[in-house]
Amino acid sequence: MITTSIRRALVPGVAAAAVALSLAGCGSDDSADASTSVGGSSSASGLSGTVAAGGSSAQEKAQEAWRAGFGADNPDVTITYDPVGSGTGRDNFYSGAFKFAGSDSAIPAEDMEKATAACGGSDVIEVPVFISPIDIVFNVEGVDSLDLDATTVANIFNGTIKKWNDPAIAELNADATLPDLAISPVHRSDSSGTTDNFTDWLFQAGGGAWKTEHSSDWPVQSGEAAEGTSGVVGAIQDGNGTIGYADDSAVASTELGKVSVKVGDQFVAPSADGAAAGLAASKLADGAADTQLAYAINRTSTDPSVYPVFLVSYFIACPTYDDKATADVVKGFGQFVVSELGQKAAATNALSAPLPTDVASKADAILAKIAAK
Amino acid sequence: MSTTPQLEQAEPGEDLGSPGPRSSTSYGRGDRLFSGTALASGLTILVTLAAVFVFLLLKGFPGFSADPDVYGPSASNFWGYVGRLLFGTTLAAIIALVVAVPFSFALALFTSHYAPRRLAAPIAYVIDLLAAVPSVVFGLWGARTLAVTSQPVQRWLDAHLGFLPFFHGPVSATGRTILVAGIVLAIMCIPIITAISREVFKQTPRLHEEAALALGATRWEMVRYAVFPHSRSGMVAAVMLGLGRALGETMAVAMVMSSTPIVTLNLISSTNPATIASNIAANYKAEDNRIQTVLLATGLVLFLFTFLVNFAARYIAGRGERAQR
């Protein structure tokens, strides 16, 4: 009988192990195979080798396009991009597992020391490579377009405005017939750069209606949460009276209404050009080194050519690498990314906004200095 | 097992699977090979389990004392945070089991004792196929189809049963609630519970059943007095495996449910308590990756919680059985 009871006790054990193993599967944070190996054969371009990189998952599609475009001219180069998320991507860059990283936000001040150490004491390179407008989309029967200001949007998302026919909305949309319907704001349940930039806009432009500073985790407990960009878009499509925010690329294929946002005294619809103008109107962050084009994005511009709700994603690399082949590949790839061709490839594949030309040329000048030690 | 051959033989229901000569005095090479392999497999499971536990403990331990900033404004200390998640996990699993258990037992009983053989085999086959559907597919179906189509039902629940804390609106506009997540989990548990309990029901000795019928029992009485008592421990094991799936299911819950770390019994609003597993999936790639240790710590809590639930259930089931003898 003893053996039987042991056997019985093992059944839950096996089940628990299966559960726990599937959890542990998510935790493989050691990028054992992410080392750099550089081959000897040379091609027409002279570049060869394997470079491991990773980071922002928002950049994944753009990175695919860039690798394809870069690989066409440099057949001997293999670049891997692991979309592990911005934070983990940066950590792997600090540890040296990734030779460069993609990140939805600039390196935080408290990490700067680690980043400098990872680059052998010289200032780390940070340049914007990817701009994506964030659309505020809604699904309300009988309403095709809406004009809203940041304060109203903030009040919708923090639950102060509960109905679509609220006077605050009606005032801005005299022509629309707004139903007496509850508003269901939809936000991301996972941590995301889109949320970070959206809340930054609400905080900067919301005139005090939004209490918390920008954060990648949704800071308010009310409203509906959905997993990932596609989850948010799906939830907005499925509900009546829903409103949410998503990267422009994810909304393009849907018929959801987009909110035009009040800038100055006009209402601006989301556009790639507007987002690029927004970056051009922003200043560099305080304390940025010469190699760092990290922007403190200005969301309160009154220039109606600016669409202020957008995301900037960065390319993080070192100015010097131990061996020449790696330095040449990172430099070549980085320069391709900010080139007109690279930006066009990302615009086609990831529907991002191309960098303003002066930003692109500054980035190119910084990347051109990458060299071997 | 070879140490208790008499007991094994005395136990009813074991006769189906008994292999040939059991008490051979000289073990052949095949026997030794088999016993070695079996022992190694058993030990591997234990070692794996221990390794997972050690991994969670080492990597998650710093999470217990992590800065509350890391896991957001919803809780001021780790236990508050994990408590909310544990509540959500338990609530979703309870909904799943409340729906799945009666359904599965009825289904298993139908295929083992009621349905004509020609019908029983295909039904059993289809239910087993259900277990092969990946959880992402269930998640997509739950989020995009079941949630939307059940939204009017949830509105009805709010309108007519709104006095109960469970259906105290406001109703989610998209229907992506813990109620729907629980139903999706139930559908994922049903094939597991059904398959195991069907096999267990089938093991009821023919003689017991016929004796019950001969004493004038109806078919239901026969099931109650012959099949259920004989199958009790197997039924508990079936429910436990189903519960394991419900507690640990990640993708389907993350995709279906609109979750926030809060504590509420309201099953139909758009703010639902998050579960541990779905919370890990949603936040593991967070910008601030200090949360990873916290998430691993919540994983450790789930691991231990699953164990506790299982041992408690074993104990209760065992006590019932012991009392019967």
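Here is how names work: the chains are called A, B, and so on, in the same order as the sequence lines, proteins then strands, and each is numbered from 1. This structure is a prediction, so every number in the text was calculated from the model and none was measured.
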Exercise for review: Give me the one residue out of B:Ser269, B:Ser172, B:Ser258 that meets side-chain hydrogen bond (donor to acceptor under 3.5 Å, both in side chains) with A:Glu224.
Suggested key: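 Answer after filtering B:Ser269, B:Ser172, B:Ser258: B:Ser172.
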
Practice item. Can you see which heavy atom on A:Glu227 is nearest to which on B:Arg176, and at what distance? Key: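 Taking A:Glu227 first and B:Arg176 second, the nearest heavy atoms are N-NH2, 4.3 Å.
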
Revision key, fill the gap. Heavy-atom closest pair (A:Gln221 atom, B:Ile262 atom, distance to 0.1 Å) is OE1-CG2, 2.6 Å

**Study point:** Contact class of B:Thr260 relative to chain A, heavy atoms under 4.5 angstrom
**Key:**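 Side chain only.
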
Review point. Chain A heavy atoms under 4.5 Å from B:Ala254: which part of the residue, side chain, backbone, both or neither?
Key: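 Both parts, heavy atoms under 4.5 Å.
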
Review point. If you count heavy-atom pairs under 4.5 Å between each of A:Ser57, A:Ser222, A:Pro108, A:Gly223 and chain B, which one has the most?
Key: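 The candidate making the most pairs under 4.5 Å is A:Gly223.
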
Study note, to complete from the structure: Counting heavy-atom pairs under 4.5 Å with chain A, the top scorer among B:Ala51, B:Ala173, B:Ala143 is B:Ala173

Review point. For A:Glu255, does the CD atom sit with more than 12 other heavy atoms under 6.0 Å from it, leaving out its own atoms?
Key: no

Point to revise | Working for side-chain contact (heavy atoms from CB on, under 4.5 Å), residues B:Gln292 and A:Thr88 | key: CA-CA 10 Å; B:Gln292 290 176 356; A:Thr88 308; 3.1 Å; yes

Review point. Got a second to check how far A:Ser189's OG is from B:Asn283's CG, nearest 0.5 Å?
Key: 7.5 Å

Check your understanding: Roughly how far apart are B:Leu140 CG and A:Ser230 OG, rounded to 0.5 Å?
Key -> 8.5 Å

Check your understanding: Relative to chain B, which segment of A:Asp217 carries a heavy atom at a distance below 4.5 Å: side chain, backbone, both, or neither?
Key ->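 The side chain, not the backbone.
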
**Study point:** Partner set under ring-ring contact (aromatic ring centres under 6.0 Å, His included) for A:Phe100, not counting sequence neighbours
**Key:**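 A:Phe100 satisfies ring-ring contact (aromatic ring centres under 6.0 Å, His included) with A:Phe315, A:Phe333 only.
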
